[in-house]
Amino acid sequence: MDELDSVFNSALRSRIFEHREVLLPDYVPLELPHRSAEVKRLGEVVAPALRGERPSNAFIYGLTGTGKTAVTKYVLRRLSEAAVQSESQVSAIYVNARERETPYKVLADMAEQLGLRVPFTGLSIGELFSRIVKRLSRLTGIYIVVLDEIDYLVRRGDDVLYDLTRVNEQLGQSKVSIIGITNSVKLIDSLDPRVKSSLGEVQLVFSPYNAEQLKDILSSRAAKAFKEGVLDDGVIPLCAALAAREHGDARRALDMLRVAGEIAEREGAEKVTEDHVRRARAEIERDKVTDVIRTLPLHSKLILAAILDATGWGVTQVTTGEIYDTYRKLVRDLNLEEVTLRRVSGVLGELDMLGIIAGRIISRGRYGKTRVVELAVNPNTVADALSEDPLVGPVLPPKARVRQLRPDAL
DNA sequence: CATCCACCGGAAATAGGGGGGC
DNA sequence: GCCCCCCTATTTCCGGTGGATG
C-alpha cells in the first residue's frame, strides 16, 4: 500500500466527519433556524403560483451569510414539491450573477435551464434574449427566476434586468416572476426607476445573525456533519463569536467549522479543538487572498507589489501618487509599458473592493485630494502569492526588516 | 474667502482575442 | 467569408472637490 492508498483509506473512514457536505456553502438544510419569519413571508409571496397566478416580483436584501440564498432555495424547493402535489406548473430558475459574471452568461444560464442549447459566445444579448422569450412563449406555467447577487448584473448596465421585468408582455401561456437577491443597499437606488418599481413589488430584508443564533445554526448542522463527540465544547461558541464579529455571517461560521474539522482530520486528531478553529480562520483568509491575487492581471499585481514596497511591507500608509511612482520604477525594471495614473486609481479601487487593501479618500487641503491606502491582509501572504508570478516574483521588494506580525489567532 | 493641489471617478472609445448567423 | 457580437484591460478626456493656505 503506497502513500496515496493510505490517503484514500483514511478518507474512506473519517474519524471526524459523518456528513461533511452539510457544512458546504451550497448545502440547503431541511430547517433554517431563526429564519421562519422570512421563510413564511417569501412563501406567501410565491404561493399564488400554485393557483396559476404570477407571483409578485420580489427583492431580497441582506448582508452576506444572512440566509438569503438558503431561504430562497428552500422555499422554492418546497414550492415545487407542493406544485407536484397539486399538479400545477411551477418552475424555478436559479442564476447566480456573480458566478456567471456577465449579462450574456446569466442569460445563457437561464436559457440552458429552459432546455435551450446556446453557444457560450458569439450571439448578441438581444438574440439570446429573444431565443429565451421564444422558448418561454411555447411553454406554459409559472416561471420564477431567481437572480442571486444581482448587483453583478446591474453594474454592467441594467438593460437585461429591464427587459426581464417586462418579458411577460410578450408571453401568453407562461408567466415569469423575478426574485432579485443582493447584499448591497446602494444597488436599489442605482436601479433604473422602472426596474426598481417592478422588482420592488415586495421587499424582504434579512438582518444579520447574532452570536446566539449562529450557535443554533452551527449546532444543528454540526449534529449531522460530525461524528458524535468529536467537537470540543468551545468550538461552536468560538466559530459563532468570530463570525458574529463579521456582521453575523453564517457562511463564514460554517466555513470555519468545516475547515477546522478538515485540519483536525488531516492531522489525525481525535477531536476538533478551538486551536483548530483559529488555524482554520487563518487558513481561510490566506486561501482567499492567495486565490484573488493569483488571478489578478499583470499590472494589478505590479501595482500591488508597488504597494508592498511603498508601505515597507504594510508598515505605513501610502497615497495613490506614491504608489504610482513606485509602480513605474518596477515597470521600468521589467521593460514594460506602464499604465496611466487613471488606471492605477481604478485598480486601487478594485483591490479595495476585493479586500486586499483598505483605502479612503482624504483631502490634504492645499496638498490635494487623494486616496490613502494600506494593506488589509498579511503582507507575507501577499508576497507569497505575488512571487508565484514569473514576471512579478523577481521584482518583489525585499522584506525591510523582521518584525512581529499580528498573530492570526485572537 | 478665493485659490489651487493631487488626485477622483464618470463616460466613451479602442484594441485584440474569443466567437457567432447565414 | 463577411459582418456582427461579447468581454477584458486600458486609454483619453474631463468636469469635479475638501480644505490648508495666503
Side-chain angles (χ1 to χ4, degrees), chain A residues 95-112 116-135 149-164 184 186-187 189-192 291-307 310-311 316-328 330-332 334-354 356-374 386 389 391-392:
Chain A
V95 183
N96 184 307
R98 183 174 52 82
E99 286 167 7
R100 299 266 84 88
E101 287 183 317
T102 67
Y104 185 95
K105 288 179 189 154
V106 168
L107 287 178
D109 193 350
M110 283 182 56
E112 266 166 41
L116 228 48
R117 284 200 88 6
V118 291
F120 68 92
T121 180
L123 264 42
S124 71
I125 302 274
E127 168 64 17
L128 193 46
F129 196 84
S130 57
R131 288 191 191 188
I132 289 175
V133 171
K134 197 169 157 194
R135 176 76 179 186
E149 312 205 54
I150 200 171
D151 15 335
Y152 287 82
L153 193 54
V154 175
R155 274 218 287 273
R156 297 147 191 271
D158 44 9
D159 327 357
V160 170
L161 212 47
Y162 176 66
D163 290 341
L164 273 174
S184 147
K186 281 181 283 179
L187 175 91
D189 306 320
S190 66
L191 246 37
D192 180 320
D291 283 353
V292 167
I293 293 178
R294 202 178 278 151
T295 58
L296 248 28
L298 176 62
H299 286 280
S300 299
K301 286 180 179 172
L302 289 168
I303 290 162
L304 190 51
I307 296 171
T311 59
T316 52
Q317 299 189 328
V318 281
T319 65
T320 303
E322 289 162 353
I323 293 168
Y324 191 49
D325 290 341
T326 314
Y327 159 80
R328 285 166 77 170
L330 250 58
V331 169
R332 263 180 246 132
L334 288 168
N335 271 319
L336 295 170
E337 297 271 305
E338 63 199 38
V339 300
T340 55
L341 180 62
R342 175 69 187 87
R343 179 60 189 144
V344 171
S345 172
V347 168
L348 291 178
E350 289 163 18
L351 292 175
D352 199 331
M353 290 271 291
L354 291 167
I356 305 286
I357 64 175
R360 65 204 151 85
I361 314 296
I362 61 158
S363 173
R364 297 172 304 179
R366 173 52 53 99
Y367 306 105
K369 198 163 98 159
T370 184
R371 175 174 2 219
V372 287
V373 150
E374 63 187 352
L386 286 175
D389 187 297
L391 273 174
V392 182

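A note on names: the letters A, B, ... follow the listed sequences, proteins ahead of strands, and every chain is numbered from 1.
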query: Between Val373(A) and Leu351(A), is a side chain to side chain contact (heavy atoms under 4.5 Å, CB included) present by the stated rule, with each step listed?
result: CA-CA 10 Å; Val373(A) 150; Leu351(A) 292 175; over 6 Å; no
- prompt: Base, sugar-phosphate, or nothing: which does Ile125(A) touch, judged by heavy atoms less than 4.0 Å apart?
  reply: sugar-phosphate
query: OH of Tyr152(A) versus C1' of dT8(C): gap in Å, rounded?
result: 16 Å
Set of residues satisfying salt bridge (Lys or Arg N to Asp or Glu O under 4.0 Å) with respect to Glu338(A), sequence neighbours excluded: Arg328(A)
Protein N or O to nucleotides 19-22 of chain C N or O, pairs below 3.5 Å:
from    : atom 1 : to        : atom 2 : distance (Å)
dG19(C) : O4'    : Ser363(A) : OG     : 3.2
dG19(C) : N2     : Gly365(A) : O      : 3.3
dA20(C) : O4'    : Arg366(A) : N      : 3.4
dT21(C) : O2     : Arg366(A) : NH2    : 3.3

- request: Enumerate the residue pairs fulfilling side-chain hydrogen bond (donor to acceptor under 3.5 Å, both in side chains) with a member in residues 342-353 of chain A, sequence neighbours excluded, ordered by first and then second residue.
  value: Arg343(A)-Glu350(A)
Close N or O pairs between protein and nucleotides 20-22 of chain B (under 3.5 Å):
from    : atom 1 : to        : atom 2 : distance (Å)
dG21(B) : OP1    : Arg131(A) : NH2    : 3.1

query: Rounding to a whole Å, what distance do you find between Glu337(A):CD and dT10(C):C1'?
result: 12 Å
field: Residue that, paired with Leu304(A), satisfies side chain to side chain contact (heavy atoms under 4.5 Å, CB included) out of Val347(A), Leu348(A), Val392(A), Leu386(A)
entry: Leu386(A)
task: Round to a whole Å and report the spacing from CD of Glu322(A) to P of dC7(B).
output: 8 Å
task: Provide, to the nearest angstrom, the distance between the OH atom belonging to Tyr324(A) and the P atom belonging to dT11(C).
output: 8 Å
Steps toward side chain to side chain contact (heavy atoms under 4.5 Å, CB included) verdict (Arg131(A), Arg135(A)): CA-CA 6 Å; Arg131(A) 288 191 191 188; Arg135(A) 176 76 179 186; over 6 Å; no
- prompt: Would you call Lys301(A) and Leu391(A) a side-chain contact if the rule is heavy atoms closer than 4.5 Å?
  reply: no
query: Is there side-chain contact between Leu296(A) and Leu354(A), with at least one heavy-atom pair below 4.5 Å?
result: yes
Near-strand residues of residues 339-347 of chain A, defined as heavy-atom separation under 4.0 angstrom from DNA chain C: Val339(A), Thr340(A), Arg342(A), Arg343(A)
query: Rounded to whole angstroms, how far apart are CZ on Arg360(A) and P on dC8(B)?
result: 14 Å
Within residues 294-306 of chain A, residues whose heavy atoms come under 4.0 Å of DNA chain C: Pro297(A), His299(A)
message: For the CG atom of Leu330(A) and the CG atom of Leu302(A), what is their distance to the nearest 0.5 Å?
response: 6.0 Å
query: What is the distance from CG of Asp325(A) to P of dA6(B), rounded to the nearest Å?
result: 12 Å
message: Without decimals, in angstroms, what is the distance between Leu128(A) CG and dG19(B) C1'?
response: 14 Å
query: Tell me, do Tyr104(A) and Leu123(A) make a side-chain contact under 4.5 Å, heavy atoms counted?
result: yes
- prompt: Between Thr102(A) and dC7(C), is there a side-chain N or O to OP1/OP2 distance below 4.0 Å?
  reply: yes
task: Return the value, rounded to whole Å, for the distance between atom CG of Asp352(A) and atom C1' of dC7(B).
output: 16 Å
message: Over all strands shown, is Glu338(A) touching base, sugar-phosphate only, or nothing at heavy-atom distances under 4.0 angstrom?
response: sugar-phosphate
Stepwise side chain to side chain contact (heavy atoms under 4.5 Å, CB included) test for Thr326(A) and Val318(A): CA-CA 11 Å; Thr326(A) 314; Val318(A) 281; over 6 Å; no
message: Are the side chains of Val339(A) and Tyr327(A) in contact, using a 4.5 Å heavy-atom criterion?
response: yes
query: Does Phe129(A) reach the side chain of Leu164(A), with side-chain heavy atoms less than 4.5 Å apart?
result: yes
- prompt: Would you say Arg360(A) has more than 12 foreign heavy atoms packed within less than 6.0 Å of its CZ?
  reply: no
- prompt: Looking at CZ of Phe120(A) and CD of Glu112(A), how far apart are the two atoms once the value is rounded to the nearest 0.5 Å?
  reply: 11.5 Å
